[in-house]
Amino acid sequence: MDIVIAGGGPNGLMLACELALAGVRPTVLERLPQRSDQPKANGIVGQVVRLLHQRGLAVEDAPMPGFVFGALPLNLAGLEDNPLYALQIRQPALEELLERRALELGVEIRRGHELLGFTQDPHGVSLELRGPGGAYELRTRYLAGCDGAHSMVRKLAGIGFPGVTKTDVVSRAAHVTVPGAVMRPDRAEMEVPGLGTYVLYAWNRTERGAYAMLPAGPGVLTVSAMEWDASAPDDDVPMTLDELRGSLARVLGADLPLAGPTGEGPHLLRRLNGRNTRVADRYREGRVFVVGDAAHVHSAMGAPGLNLGLQDAANLAWKLAAEVRGWAPPGLLDTYDAERRPAALRVAMHTQAQLALAAPGPEVTALREVFGELLGDDDARRRIASMLAGADLAYRMPAPAHPLAGRFLPDLPAEPAARARPVLLDGTGGLRVRHGRVHVVPVEGADAVLVRPDGYVAWAGTPDETLDEALRTWFGEGLEVAA
């Protein structure tokens with residue numbers, strides 16, 4: 001077996017789809033006997049939305065006219081080259097979508113199969129598993145851990161998980177109804193008679209904490225409250241609606257009427273004591289890799305999790321497939337860590353900054369006033385939007401320097417983009433690549449652009465010997481350009 005993926009959540013399924021597009025059909029092991037229907041993420045924000053569009057998995061809409069950063073409004077209306085896109089899809093629906101595509105592509109998904117342990121040697125990884133029929137063993141060339149924040153793959157591989165833990169923050173969230181509330185979707189507001197108007201779809205700060213309200217279905221809201229320096233029951237004490245009601249009253253300074261949700265569940269009812277921000281000290285240990293939450297955890301502020309994890313999967317997949325199929329140039333697999341770990345560190349930085357901006361206290365209020373003034377500047381708004389999208393970080397590429405090099409290119413021809421093929425956009429009208437591993441597409445212009453399967457530009461400029469070098473660097477020997 002070439003590749004085993006431990007974990008059948010969105011990142012594991014995305015990795016499976018991308019591998020299959022690259023010509024390698026992995027086996028996905030998922031401990032749960034069926035897809036989880038637990039409410040988690042409500043959407044995807046960031047650059048990966050445009051990659052999903054290229055793969056035919058999402059409708060690419062217009063960029064977002066506004067968002068939030070640290071519970072501060074971020075007005076993006078009319079911003080030139082606005083990079084911030086979003087896809088409103090709940091995580092269970094996303095997993096269903098990716099699983100369906102993976103099965104269409106011939107991926108084997110084993111549900112109810114749990115990884116118990118593994119050992120690796122220079123030639124492969126030996127897995128100890130337990131399935132519905134009992135314990136068994138499996139041998140694979142590579143193992144990818146997409147098994148979440150408490151990743152067994154990461155722990156057994158001996159990969160460190162350094163970072164910080166904040167113990168002074170308590171978050172509570174639940175699906176609720178608000179009797180008497182009037183929704184104003186055109187203004188993203190909810191009006192509660194006698195209490196006032198509340199902003200939807202965003203974190204809002206008060207001097208006592210922060211809250212968010214998000215429609216979760218007909219008449220149902222996801223309501224969250226975050227408090228600092230607050231006491232809370234231990235993790236093993238079940239969360240209650242009364243507990244959320246009390247927390248929200250303290251944050252708002254008013255008793256918002258909350259009732260239990262209607263309709264079939266499952267319904268969200270969750271408490272988080274503390275906040276972890278951690279990034280794996282390496283993403284590879286021999287033939288073992290970590291992806292998504294197994295490689296990084298952080299605050300959910302700014303909704304960066306799926307953008308980060310799904311791009312991990314897209315980055316690793318084509319490189320693993322190249323190794324399995326025998327054409328990977330030396331060092332290609334090492335670029336996964338070199339490219340994706342800085343992206344995670346960037347997210348760890350800005351999510352901590354957002355959490356700090358949402359905290360109570362007069363010093364934070366003053367900081368928010370200064371920061372709010374800065375967000376009145378177009379360049380500052382564009383910079384923050386790029387950071388939230390993950391578009392501000394360019395991968396390091398071989399010379400020559402070019403504004404596109406190392407950056408995601410959303411405007412690719414549909415056929416090679418959907419098939420995750422390497423593409424050479426030929427503006428000269430006469431290029432071809434020997435051996436056909438790279439798809440050449442004529443375009444208007446004078447230059448050429450070499451794009452990797454994950455949508456990132458590997459090289460751009462006037463064709464010369466540096467293009468030959470870039471082809472060898474990313475796609476192996478025997479790919480010289482011929483005019």
Side-chain angles (χ1 to χ4, degrees), residues 42 66-75 166-185 187-216 220-233 239-259 268-275 277 298-303 350-376 384 388:
N42 288 299
F67 201 57
V68 289
F69 185 86
L72 282 164
L74 181 64
N75 180 15
K166 283 187 69 67
T167 59
D168 63 340
V169 181
V170 180
S171 299
R172 299 172 175 90
H175 285 160
V176 303
T177 58
V178 183
V182 179
M183 298 297 171
R184 309 286 188 194
R187 299 202 296 263
E189 293 177 347
M190 177 182 73
E191 184 179 326
V192 182
L195 291 175
T197 300
Y198 299 89
V199 176
L200 302 175
Y201 300 106
W203 279 101
N204 302 273
R205 175 189 179 265
T206 75
E207 285 296 341
R208 297 164 297 277
Y211 70 93
M213 300 177 185
L214 176 72
V220 178
L221 288 175
T222 300
V223 172
S224 303
M226 191 183 307
E227 295 181 90
W228 280 254
D229 298 318
S231 61
M239 164 81 170
T240 67
L241 188 57
D242 278 341
E243 186 180 329
L244 173 64
R245 193 180 287 115
S247 177
L248 190 63
R250 291 189 294 271
V251 170
L252 292 176
D255 289 315
L256 191 68
L258 300 182
L268 177 66
L269 192 62
R270 182 181 62 210
R271 178 200 316 114
L272 294 176
N273 291 328
R275 274 287 187 274
T277 302
H298 44 75
S299 166
M301 280 205 157
H350 78 66
T351 52
Q352 288 183 91
Q354 291 189 72
L355 195 61
L357 280 168
E363 298 90 348
V364 177
T365 300
L367 177 62
R368 288 171 61 84
E369 186 173 345
V370 172
F371 205 88
E373 290 179 6
L374 293 175
L375 291 180
I384 294 293
L388 291 169

Could you work out, with side-chain hydrogen bond (donor to acceptor under 3.5 Å, both in side chains) as the rule, every residue matching R275, not counting sequence neighbours?
S171

Can a donor-acceptor pair be found, under 3.5 Å and without considering hydrogens, that links the side chain of H175 to the backbone of L268?
yes

Going by side-chain hydrogen bond (donor to acceptor under 3.5 Å, both in side chains), name the residues that satisfy it together with R187, two or more places apart in sequence or in a different chain.
E189

When you check the side-chain N and O atoms of S299 and Q352, is any donor under 3.5 Å from an acceptor?
no

By salt bridge (Lys or Arg N to Asp or Glu O under 4.0 Å) - contacts of R250 (at least two apart)
E227

Smallest separation among heavy atoms of V169 and W228, with atom names:
CG2-NE1, 3.5 Å

Are I384 and F67 packed together at the side-chain level, in the sense that at least one heavy-atom pair is separated by less than 4.5 angstrom?
no

Just so I know, are the side chains of W203 and S224 near enough to count as touching, which here means a heavy-atom distance under 4.5 Å?
yes

Can you name the residues that form a side-chain hydrogen bond (donor to acceptor under 3.5 Å, both in side chains) with D168, not counting sequence neighbours?
K166

Taking all non-hydrogen atoms of both residues into account, name the closest pair between P179 and P257 and its distance.
CD-O, 3.7 Å

With sequence neighbours left out, the residues meeting side chain to side chain contact (heavy atoms under 4.5 Å, CB included) with V170 are R172, A232, R271, N273

Check the angle between the aromatic planes of F69 and H350 and answer parallel, tilted or perpendicular using the 30° and 60° thresholds.
tilted

With heavy-atom distances below 4.5 Å as the criterion, would you say the side chains of N75 and L375 are in contact?
no

What are the two closest non-hydrogen atoms of R205 and T365, and how far apart are they?
NH2-OG1, 3.0 Å

Counting only heavy atoms not in D255, do more than 12 fall under 6.0 Å of its CG?
no

For residues L200 and L214, determine if any side-chain heavy atom of one lies less than 4.5 Å from a side-chain heavy atom of the other.
no

Using the side-chain contact (heavy atoms from CB on, under 4.5 Å) rule, take M226 and L355 through it: C-alpha gap first, then chi angles, then the decisive distance, then the call.
CA-CA 10 Å; M226 191 183 307; L355 195 61; 3.6 Å; yes

Do T351 side-chain atoms and H298 backbone N/O form a donor-acceptor pair below 3.5 Å?
no

Do V68 and Y201 make a side-chain contact, defined as non-hydrogen atoms from C-beta onward lying under 4.5 Å apart?
no

If I compare all heavy atoms of A216 with all of T222, which pair ends up nearest, and what's the gap?
CB-OG1, 3.5 Å

Any L221 side-chain heavy atom under 4.5 Å of M190 side chain
yes

Beyond-backbone contact of L388 with L74, side-chain heavy atoms, under 4.5 angstrom
yes

Let me see the working for Y198 and L252 under side-chain contact (heavy atoms from CB on, under 4.5 Å), right down to the final yes or no.
CA-CA 10 Å; Y198 299 89; L252 292 176; 3.9 Å; yes

Contact between M183 and V178 at the side-chain level, heavy atoms closer than 4.5 Å - yes or no?
no

Taking every heavy atom of E207 against every heavy atom of P360, the minimum-distance pair comes out as O-CB, 3.2 Å

Smallest separation among heavy atoms of L357 and V364, with atom names:
O-CG1, 3.4 Å

So, using salt bridge (Lys or Arg N to Asp or Glu O under 4.0 Å) as the criterion, who are the partners of R208 when residues are at least two apart?
none

